[in-house]
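Below, all heavy atoms of this structure are taken into account, side chains as well, without hydrogens, waters or symmetry copies.
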Amino acid sequence: MAMRGIAVVGLAWLFFRLASAELDPSEQVGAKALADDDECAAGDLSEQCSLTALQLRGVKQQHHKDAVATVSEEKQREIAEAWAAHRAWQKERREKEPTGHWFGGGRVDSLNGQDQVDIMTARDKDWQIGPVVYQVYVDRFVPPKKSMEELRELHPPPQTVHPWSEGVTKNHQLNSTKYWSGELSFWGGDLQGVISQLDYIKSMGDVLYLQPIFEAYSNHKYDTSDYMNIDPAYGTIEDFDELVKGVHDRGMHLVLDGVFNHVGVKSKLFQEAMSNPDSPARHWFFIGEEYGALGYKAWQGGGTLAEWRLEDNNLRNYLWKNSTSVVAKWLKRGADGFRLDVGTEIGREFLWDLTKAAHRHKYSSLVVGEVSAYPRWWTEAMDGVLSFWMGWVISGVATGQMGGIFAGLQIEQLIEDSSMEQVLRSWIIVSNHDIDRLATKYPDPAVRRFAQTLQFVLPGAVCIYYGDELGMPGDKDRNREPMKWGWMNETNEQFNVTRTLVNMRRYHRALRIGDFTVMRSFSLLAFMRRTDRIADMIIVLANPLPKPIQEQLVVPEEDLLEYTLFRDTFSGAEARIHGGTIEAKIPPRTVRVFHMVDEKGPSGEQYKRIYGHFDTFPSVNPLGSLGNSVGEIV
């Protein structure tokens, strides 16, 4: 399913290129590989199908303006007419044969039963959909085995080395380097330390996301100096290979941090560009008197990060397009994807170019980008986004600044504006290295648990910032403390809550891959998560108020039958379905996550001809009993 979205876009690109110019051999191979994986391409290579592919992913003609510019006016009119005909055809098809996800609506409940089963099966197999991601800041994750003397050799002044027990101190700028003291303070964590805790990481997540590990001067390493090498303080290429093997052996995936908007000023490429006006690399940067005393465009006006001039095609070849590019090297070496720093500043056109290249370099690779904006269109440019938007929606509900029903409707709107699967691939960010940690943002444990539970039950991938599961505090200036391993014990309530949430998400399929449907409520954030199987159904009732709320709500699911028993995952509280409604009393600042109970007797036996229940007859066929399937096989 994931590759179908990739394939249809590749087919659309092929259509536009054929309208203006021949593809080079490598593009021909790539386009064919993408087309071969697409159902539409396999059965219909017509212009109509190509345009369908284009519309599905929201790719705009301006993305290919250079190719289209060479087309005659007559041909351009033909393309415009084809677009108009396609839109009319698409509207007619949507009305006659609704296809949920593929036409932007997001949900699959309008499809026939077998299509629902196929889509959910594909989601189940897609590692990018709905995982728990564990984020690691390597320097601060595991205490080093190296001595302080060895660490000081790796980090000579003005860099400083600190014992693991020492906290992060107040930041001040170092005039000699333009760096801040906090950027040059090291605690000595490395890749071998990460390897030693892979079993722990596996207990917390399905995907390991490492903040930058390439050669750089600072501890955060967003100031890359050499993309092709592991930073010596973190280890060697052999250490990276061992990490990849350990991650994959445990059934996990590895996502690296890609910093492609800017580069560190200690990069040899940048230094050569500044010192040699005739250097080819000079075209890769914004250099000139118009940039003031620095003489170059620095990211956010600082003096340590030089912005890449991504408009240069040779630079894009180096970073992501060529088979020997930065992205290609690390994907082929075993990484499974990239998280892109400041994705919005790269721009949607280049993000889509990078995403296509990553998919070409490695089948089923993931590209997600940092997006602090409403995700529409950004999700079209990548596989998904780091959804700070969803994190702020959670915060709004948890703190009483946003009504629950309005939050639910906005999430439903996002799914319409984007698609269900793009939302499921997006990482929900409630805490990370740039914002306050959970324990600091929500000092009240009840509010913190409320917000964290919403992160685990809303559609998307959960992202856990190392140490948040232990209740480590930290505002945006002190959120990179060394991992407090001593806090990991059975008496740590935050640790116990997080483990429960992780296990809940792994157990309940609907929380990972299910569609999202909002339920109308006066005071609650109420919604369903459903799959093709009725027994997977989850009903979430979240009360953000400081008082208990009792409501009766409509549950808009036609296959949910009378007197069905649901039980809350945390408290064991129970509620039954009556006439397609549910009534429950929700305590203050509490999220109830109701799952269907396998209740024997009449309550369960009534589902004998409803697909996907514990008591469904083996002979029941989804094509005749699920969704928009009436009359399909009778």
Side-chain angles (χ1 to χ4, degrees), residues 123 127-135 201-207 209 384 386-398 404 407-408 411 414-415 420 423-432 437-439 441-442 445-471 492-518 524-531 536-544 566-571 573 586 589-595:
R123 286 184 191 175
W127 71 271
Q128 302 175 7
I129 286 182
V132 178
V133 180
Y134 192 83
Q135 176 182 348
I201 294 169
K202 173 63 177 176
S203 73
M204 284 289 133
D206 314 297
V207 176
Y209 155 46
L386 268 68
S387 188
F388 289 89
W389 179 85
M390 192 76 85
W392 280 109
V393 168
I394 290 172
S395 175
V397 176
I411 294 168
L414 171 63
I415 293 168
M420 189 71 248
V423 172
L424 288 170
R425 286 191 184 90
S426 295
W427 298 3
I428 303 174
I429 305 298
V430 296
S431 168
N432 76 354
R437 283 187 173 275
L438 272 178
K441 187 168 186 175
Y442 306 110
V447 177
R448 186 190 318 155
R449 178 170 178 167
F450 181 93
Q452 191 177 17
T453 303
L454 286 183
Q455 183 192 27
F456 275 78
V457 296
L458 286 169
V462 176
C463 190
I464 299 175
Y465 183 43
Y466 83 97
D468 274 354
E469 74 275 19
L470 302 179
N492 185 325
E493 182 62 23
Q494 179 63 33
F495 183 52
N496 292 332
V497 166
T498 305
R499 286 194 299 178
T500 299
L501 291 170
V502 170
N503 291 334
M504 174 190 72
R505 186 157 176 115
R506 286 176 170 167
Y507 184 78
H508 292 295
R509 180 174 180 249
L511 294 179
R512 301 190 308 274
I513 69 169
D515 286 350
F516 172 93
T517 302
V518 71
L524 307 174
L525 169 55
F527 56 89
M528 307 183 312
R529 300 293 305 278
R530 72 174 291 278
T531 71
D536 287 344
M537 172 73 71
I538 295 290
I539 298 173
V540 176
L541 304 180
N543 176 16
F566 279 79
R567 181 174 296 136
D568 176 45
T569 299
F570 304 111
S571 68
I586 313 301
R589 298 192 174 96
T590 297
V591 181
R592 290 279 192 252
V593 183
F594 288 104
H595 63 272

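- Residues Val133 and Val462 form no side-chain contact, since every pair of their non-hydrogen atoms from C-beta on lies 4.5 Å or further apart.
- The distance from the CH2 atom of Trp389 to the CD1 atom of Ile394 is 10.0 Å, given to the nearest 0.5 Å.
- The shortest side-chain heavy-atom distance between Pro544 and Leu525 does not fall under the 4.5 Å cut-off.
- Contact annotation: the side chain of Val430 approaches that of Leu438 to within less than 4.5 Å [non-hydrogen atoms, C-beta and beyond].
- One distance of note links CG of Leu470 with CD of Glu493; it measures 13.0 Å at 0.5 Å rounding.
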Item to check | Residues Arg499, Asn496; criterion side-chain hydrogen bond (donor to acceptor under 3.5 Å, both in side chains); working and verdict | outcome: CA-CA 5 Å; Arg499 286 194 299 178; Asn496 292 332; 2.9 Å; yes
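- Taking 4.5 Å as the limit, every side-chain heavy atom of Ile464 sits out of range of all side-chain heavy atoms of Tyr209.
- Taking 4.5 Å as the limit, some side-chain heavy atom of Leu541 sits within range of a side-chain heavy atom of Phe594.
- Scanning for ring-ring contact (aromatic ring centres under 6.0 Å, His included) contacts around Phe527 gives Phe516, with sequence neighbours left out.
- The closest side-chain heavy-atom distance from Lys441 to Ser395 is below 4.5 Å.
- The closest side-chain heavy-atom distance from Val207 to Trp127 is below 4.5 Å.
- Residues Tyr466 and Met204 have side chains not in contact (no heavy-atom distance under 4.5 Å, counting atoms from C-beta outward).
- Considering Arg512, Arg509, Arg123 in turn, Arg509 is the only one that fulfils the side-chain hydrogen bond (donor to acceptor under 3.5 Å, both in side chains) rule with Thr531.
- Judged as a salt bridge (Lys or Arg N to Asp or Glu O under 4.0 Å), the pairs with a partner in residues 458-471 (not counting sequence neighbours) are, in order, Arg437-Asp468.
- Arg529 places a side-chain N or O within 3.5 Å of a backbone atom of Gly514 that can act as its donor or acceptor partner.
- In this structure, the side chain of Arg592 does not engage the main chain of Ser571 through any donor-acceptor pair within 3.5 Å.
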Under 3.5 Å donor-acceptor pairs involving side-chain atoms of residues 445-457, not counting sequence neighbours:
unit_1: Arg448; atom_1: NE; unit_2: Tyr442; atom_2: O; d: 3.1
unit_1: Arg448; atom_1: NH1; unit_2: Gln494; atom_2: OE1; d: 3.4
unit_1: Arg448; atom_1: NH2; unit_2: Tyr442; atom_2: O; d: 3.4
unit_1: Arg448; atom_1: NH2; unit_2: Pro443; atom_2: O; d: 3.4
unit_1: Gln452; atom_1: OE1; unit_2: Gln494; atom_2: NE2; d: 2.8
unit_1: Gln452; atom_1: NE2; unit_2: Thr498; atom_2: OG1; d: 3.1
unit_1: Thr453; atom_1: OG1; unit_2: Arg449; atom_2: O; d: 2.7
unit_1: Gln455; atom_1: NE2; unit_2: Ile428; atom_2: O; d: 3.0
unit_1: Gln455; atom_1: NE2; unit_2: Cys463; atom_2: O; d: 3.0

